[in-house]
Amino acid sequence: MLIQDLTPQECADILRRTNLGRLGCARDGQPYVVPIHFSFDQDRGCVYSFSGVGQKISWMRENPRVCLEVDDITNKNHWQTVILFGRFEEIHDSPEEGEARQRAEELFQQRPEWWLPAAAATAGSRVRHIVYRIHVEEVTGRRAARA
Ligand SMILES: Cc1cc2nc3c(=O)[nH]c(=O)nc-3n(C[C@H](O)[C@H](O)[C@H](O)COP(=O)(O)OP(=O)(O)OC[C@H]3O[C@@H](n4cnc5c(N)ncnc54)[C@H](O)[C@@H]3O)c2cc1C
């Protein structure tokens with residue numbers, strides 16, 4: 001099996017066509033990983049996501065340094081994975097942040113039922129939902145292919 005590094009553009013292509021990833025955050029040395037849906041904005045160098053206010057949001061508010069893993073796995077011999085490191089930032093529903101929020105919502109609308117399962121996770125409760133972005137600081141990608 002040959003494992004190769006992906007180019008930055010190949011990483012961007014995977015991030016654009018995929019919208020399920022595993023978000024890693026940490027507090028007091030304790031990592032926490034959860035599946036999330038996201039939308040990648042190559043022009044602005046960030047990913048957007050939508051969430052109820054729960055453990056991951058509290059932890060990212062405390063420590064905005066996060067990691068997102070995204071993969072395209074056919075089988076153990078054929079796969080591509082991308083890992084990005086970045087900084088969490090909440091996008092508030094305010095006039096100053098209107099442009100960023102509008103951009104996030106435009107990208108969300110491109111996915112059917114984009115609010116699921118983030119909103120379903122808190123159905124029946126009065127938990128507030130937030131939109132946030134992760135500013136991408138570093139991206140790496142790898143591919144395996146067996147001849
Ligand atoms: C395919 C998929 C896509 C998803 N997309 C999104 C999304 O875009 N946005 C979003 O907010 N959520 C999404 N979820 C749900 C997400 O994975 C979390 O379950 C949810 O957001 C609650 O996370 P929280 O940190 O707020 O947990 P809280 O509700 O605060 O609960 C924290 C506690 O519950 C446990 N817990 C939380 N989530 C899970 C889980 N999935 N499995 C096992 N234990 C868990 C933790 O260990 C922790 O102890 C998605 C889930 C799946 C499977």
Side-chain angles (χ1 to χ4, degrees), residues 3 6 8-145:
I3 296 183
L6 300 180
Q9 190 52 51
E10 286 171 328
C11 292
D13 291 343
I14 292 172
L15 292 171
R16 238 194 349 264
R17 69 165 191 266
T18 316
N19 48 50
L20 178 64
R22 276 91 191 161
L23 172 73
C25 54
R27 191 183 67 174
D28 299 334
Q30 172 63 63
Y32 178 46
V33 179
V34 274
I36 60 154
H37 283 122
F38 68 88
S39 299
F40 177 56
D41 186 342
Q42 188 171 5
D43 294 343
R44 292 167 176 76
C46 64
V47 303
Y48 302 101
S49 192
F50 168 79
S51 174
V53 179
Q55 181 169 310
K56 67 177 161 337
I57 296 297
S58 320
W59 284 33
M60 292 192 292
R61 282 175 173 163
E62 223 173 284
N63 174 12
R65 307 220 62 84
V66 300
C67 180
L68 183 70
E69 187 270 349
V70 176
D71 49 63
D72 178 6
I73 301 174
T74 306
N75 57 45
K76 69 179 178 349
N77 298 318
H78 296 90
W79 48 261
Q80 298 184 93
T81 47
V82 173
I83 296 180
L84 71 82
F85 296 92
R87 187 171 41 80
F88 163 83
E89 183 189 36
E90 218 163 311
I91 304 176
H92 301 97
D93 196 4
S94 67
E96 300 75 48
E97 292 173 81
E99 195 273 335
R101 204 164 169 107
Q102 190 184 341
R103 176 71 180 154
E105 285 171 6
E106 275 166 18
L107 292 172
F108 293 160
Q109 306 292 342
Q110 293 172 11
R111 297 199 317 256
E113 299 191 309
W114 61 268
W115 57 91
L116 292 175
T122 54
S125 74
R126 290 173 166 264
V127 174
R128 196 169 58 90
H129 287 89
I130 69 153
V131 174
Y132 64 92
R133 62 185 155 191
I134 298 168
H135 294 281
V136 179
E137 294 176 345
E138 187 189 340
V139 186
T140 60
R142 290 193 180 168
R143 150 191 319 118

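Read the numbers this way: they start at 1 and go in the same order the structure lists the ligands and their atoms.
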Ignoring hydrogens, just give me the one of G54, A118, S51, G21 whose non-hydrogen atom is nearest atom 12 (N) of ligand 1.
A118
Which bit of L20 is near ligand 1, meaning a heavy atom under 4.0 Å away: side chain, backbone, both or neither?
side chain
For atom CZ of R142, decide whether the heavy atoms of other residues, nucleotides or ligands shown that lie under 6.0 angstrom number more than 12.
no
Numbered in order shown, the ligand 1 atoms found under 4.0 Å of a heavy atom of P117 are 2 (C), 3 (C), 4 (C), 5 (N), 14 (N), 50 (C), 51 (C), 52 (C)
Is any N or O atom of F50, backbone or side chain, closer than 3.5 Å to an N or O atom of ligand 1?
yes
If you compare S49, G52, P35 by their heavy atoms, the one closest to atom 14 (N) of ligand 1 turns out to be P35
Parallel, tilted or perpendicular: which describes the rings of F50 and F108, with under 30° parallel and over 60° perpendicular?
perpendicular
Answer yes when R133 and D41 have at least one side-chain N-carboxylate O distance shorter than 4.0 Å, and no when they do not.
no
With respect to E69, which candidate in T81, V33, L23 satisfies the side-chain contact (heavy atoms from CB on, under 4.5 Å) definition?
T81
Answer yes when E105 and R101 have at least one side-chain N-carboxylate O distance shorter than 4.0 Å, and no when they do not.
yes
With backbone taken as N, CA, C and O and side chain as the heavy atoms from C-beta onward, which portion of Y32 lies under 4.0 Å from ligand 1: side chain, backbone, both, or neither?
side chain
